[in-house]
Colleague: 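Below you'll find the structure I mean.
FYI, side chains are in, hydrogens and waters are out, and symmetry mates aren't considered; it's all heavy atoms of this structure. Read the numbers this way: they start at 1 and go in the same order the structure lists the ligands and their atoms.
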Amino acid sequence: MKEMLLQNPVFGMAARQFDQVADFMELTEEIRERCKWPKRLITVSLPVRMDDGRTEVFLAHRVQHHLSRGPVKGGLRYHPNVDLGEVAALAMWMNWKCALMRLPYGGAKGGINCDPRAMSDREKEGLTRRFAAEITPFIGEEVDIMAPDMGTDEQTMAWIVDVYSTNAGHLVPGIVTGKPVELQGSEGRREATGHGVAFLAMRALDKIGCPVDGSGAIVQGFGNVGTHAAERLSWSGVKVKGISDITGALWNDNGIDVGLLGEHVKSTGGVAGFDEAEAIDPDEMLLQPCEVLVPAALERVITDGNAAKLKCRVLAEAANGPTTPEADAIIDERGDIFLLPDILCNAGGVTVSYFEWVQNLSRFHWTEREVLTKLETMLEGAFERMLHFAEERQVSHRTAALCLGVHEVAEVKKKRGLFP
Ligand code: NAD
């Protein structure tokens, strides 16, 4: 199983990042092994009746990386590339992210190998309900709490609440986060990840002495995270010049009207064909001059093929794992890009998910203002801890963020010990 995971390119990347950090921290072999490997890998098959009457069987995975610091927490992804190795990598990154943010969670991730864009709402509902039913024995408010990720949304979470609660015989809102507000979701959760990305990008601009007003940004991915990050950057005076999604890429030197583009996407399903910007090659878009580059879609899009050609001042990693280790080395060597590593940059989502869970367990409802103020305080704390560590130990921002996260986990493992 270990070999199989290591052969997966995304898990291989997460494992290499971990090994580098473990070497730097001089972790003992025992602690290193206990931190590195996932505790539970669960795969279930999901027979679903499709609209044309066929039965299709989908494979779904849930990986719970470790349970030492509390219940596990992490998103559920629907995408045609999902496999066990990718899910395990994302679970490992969630681990370090929760620990960096000092949230009382271990990391987890789930994914179903499917193409949600090619499925009807009825098929997606059937798939989600079947998954919720199959995974019920392995989750719980105190065990594993899911949230939306790529290809899933508030509606997906609502179906999971319904299946789990129907089985329990009473409403269990804390079984997932990122639910609709009407179903005890949190104010501000929908916007939280993008809000955090924009907040940290502006803190980074401030650190490098670059005025926010009039800066330019490029955003790859116009889903939940990309839309809210772009929106919030533009509200603060940043010109969002380039935006792409799976249907194409757009450019407007004067800044794209993010609200109008949102309307266009709602009615057409993608950014392509928006007539207030020019079409641009999606790979070329990433290389245009800008102050802030926000990859908010997939893993491994900043590679050794394009890292040397980036013309941004801040690289705000809204997606998980957008930068390969080879590209990281190039960015380190260049020294002119302020990196906001994924486990910090997109931590707004899990932080407000934590707030949602706390509200659910305490049967309490906070205002959006309370939520976003608390979020900014927590992000600011982690941002400063990362900068302090990086400066003191003369390491990259990614190494600093990972070290802080891995340290929290390693200490808990040491304190809890093993059976004699
Ligand atoms: P989403 O499904 O809402 O949006 C994904 C976007 O990426 C869509 O606009 C899609 O068209 C675009 N996309 C897909 N393939 C693309 C390609 N090849 N080129 C350009 N764009 C492409 O997903 P999301 O929730 O916004 O998640 C985006 C990223 O952020 C993922 O890496 C996810 O793991 C990460 N993330 C999400 C959250 C969250 O709260 N949703 C939290 C932390 C991290």
Colleague: Which heavy-atom pair separates K36 from F11 by the least distance, and what is that distance?
Modeller: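 So the minimum-distance heavy-atom pair works out to O-CZ, 4.5 Å.
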Colleague: Just distances here: any N/O of K97 and N/O of ligand 1 closer than 3.5 Å?
Modeller: no
Colleague: What is the minimum heavy-atom distance between R398 and Q17, and which atoms define it?
Modeller: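 Nearest heavy atoms, R398 then Q17: CD-NE2, 3.7 Å.
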Colleague: Check this for me, if you would: do E408 and R385 make a salt bridge, where the nitrogen-to-carboxylate-oxygen distance has to be below 4.0 angstrom?
Modeller: no
Colleague: What is the nearest protein non-hydrogen atom to atom 10 (C) of ligand 1, stated with its residue, atom name and distance?
Modeller: I246 N, 4.0 Å
Colleague: Is there any N or O on T193 that sits under 3.5 Å from an N or O of ligand 1?
Modeller: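 N/O-N/O distance under 3.5 Å: yes.
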Colleague: Identify the protein heavy atom lying closest to atom 31 (C) of ligand 1, giving its residue, its atom name and the separation to 0.1 Å.
Modeller: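 Minimum-distance protein heavy atom for atom 31 (C) of ligand 1 reads A297 O, 3.3 Å.
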Colleague: Answer yes or no: does an N/O atom from G226 fall short of 3.5 Å to an N/O atom of ligand 1?
Modeller: no
Colleague: If I compare all heavy atoms of V271 with all of D245, which pair ends up nearest, and what's the gap?
Modeller: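 Between these two residues, the closest heavy atoms are N-OD2, 3.0 Å.
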Colleague: L298 heavy atoms, cut-off 4.0 Å: which ligand 1 atoms fall inside?
Modeller: 15 (N), 16 (C), 17 (C), 18 (N)
Colleague: Count the heavy atoms of every other residue, nucleotide or ligand shown that sit under 6.0 Å from CZ of R54, and state whether that count exceeds 12.
Modeller: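 Enclosed: over 12 neighbouring heavy atoms sit under 6.0 Å from CZ of R54.
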Colleague: Please tabulate, for the side chains in residues 196-205, all donor-acceptor contacts under 3.5 angstrom to protein atoms that are two or more places apart in sequence or on a different chain.
Modeller:
unit_1: R203; atom_1: NE; unit_2: E380; atom_2: OE1; d: 2.7
unit_1: R203; atom_1: NH1; unit_2: D206; atom_2: OD2; d: 3.1
unit_1: R203; atom_1: NH2; unit_2: E380; atom_2: OE2; d: 3.0
unit_1: R203; atom_1: NH2; unit_2: E384; atom_2: OE2; d: 3.4

Colleague: Under a 4.0 Å heavy-atom limit, does E299 contact ligand 1 with its side chain, its backbone, both, or neither?
Modeller: neither
Colleague: Heavy-atom contacts with R77 under 4.0 Å: which atoms of ligand 1 show up? List them by number with element.
Modeller: 31 (C), 32 (O), 33 (C), 34 (O)
Colleague: Going by distance only, is there an N or O of V225 that falls short of 3.5 Å from an N or O of ligand 1?
Modeller: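 Yes, V225 has an N/O under 3.5 Å of an N/O on ligand 1.
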Colleague: How close do A249 and P282 get, counting heavy atoms only, and between which atoms?
Modeller: CB-CA, 3.7 Å
Colleague: Quick one: which ligand 1 atoms are inside 4.0 Å of a heavy atom on G151?
Modeller: 2 (O)
Colleague: Do me a favour and list the nearest non-hydrogen protein atom to atom 3 (O) of ligand 1 with residue, atom name and distance?
Modeller: N224 N, 2.9 Å
Colleague: Any carboxylate oxygen within less than 4.0 angstrom of a Lys/Arg side-chain nitrogen, looking at D144 and R40?
Modeller: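 Salt bridge: no.
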Colleague: V219 and M285: which non-hydrogen atoms are nearest, and at how many Å?
Modeller: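 Residues V219 and M285, closest heavy atoms: O-CE, 3.9 Å.
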Colleague: Consider ligand 1: state whether an atom of it lies below 4.0 angstrom from any non-hydrogen atom of R189.
Modeller: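 Within the 4.0 Å threshold, so yes.
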Colleague: Using a 3.5 Å cut-off on N or O atoms only, is G349 in polar contact with ligand 1?
Modeller: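 No, G349 has no N/O under 3.5 Å of an N/O on ligand 1.
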Colleague: For ligand 1, note which part of R117 has a heavy atom under 4.0 Å away: side chain, backbone, both or neither.
Modeller: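 Neither part.
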Colleague: Please name the pair of heavy atoms, one in S45 and one in V57, separated by the smallest distance, quoted to 0.1 Å.
Modeller: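 Closest heavy-atom pair between S45 and V57: CB-CG1, 3.8 Å.
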Colleague: What are the atoms of ligand 1, with element, lying closer than 4.0 Å to any heavy atom of N320?
Modeller: 32 (O), 33 (C), 34 (O), 35 (C), 36 (N), 44 (C)
Colleague: Between N346 and ligand 1, find which residue part has any heavy-atom pair under 4.0 Å and reply side chain, backbone, both or neither.
Modeller: both
Colleague: Can you check whether D149 has an N/O within less than 3.5 Å of an N/O in ligand 1?
Modeller: yes
Colleague: With nothing but distance in play, are any N or O atoms of G223 less than 3.5 Å from an N or O of ligand 1?
Modeller: yes
Colleague: Is a salt bridge present between R300 and E86, judged by a nitrogen-to-oxygen distance below 4.0 Å?
Modeller: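 Between E86 and R300 there is no salt bridge, as every charged N stays at least 4.0 Å from the carboxylate O atoms.
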Colleague: Under 4.0 Å, heavy atoms only, figure out whether ligand 1 is touched by the backbone of A296, its side chain, both or neither.
Modeller: backbone
Colleague: Centre of W366's six-membered ring, under 6.0 Å away, within 45 degrees of the axis: is that where NZ or CZ of K374 sits?
Modeller: yes
Colleague: Indicate yes or no: does K97 engage D342 in a salt bridge with an N to O separation below 4.0 Å.
Modeller: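 Salt bridge flag = no for D342 with K97.
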Colleague: Is T152 touching ligand 1 with its side chain, its backbone, both, or neither, if touching means heavy atoms under 4.0 Å apart?
Modeller: neither
Colleague: Pick one of side chain, backbone, both or neither for how A318 approaches ligand 1, counting any non-hydrogen atom pair under 4.0 Å.
Modeller: backbone
Colleague: Give the residue, atom name and distance (to 0.1 Å) of the protein heavy atom nearest atom 5 (C) of ligand 1.
Modeller: M150 CG, 3.8 Å
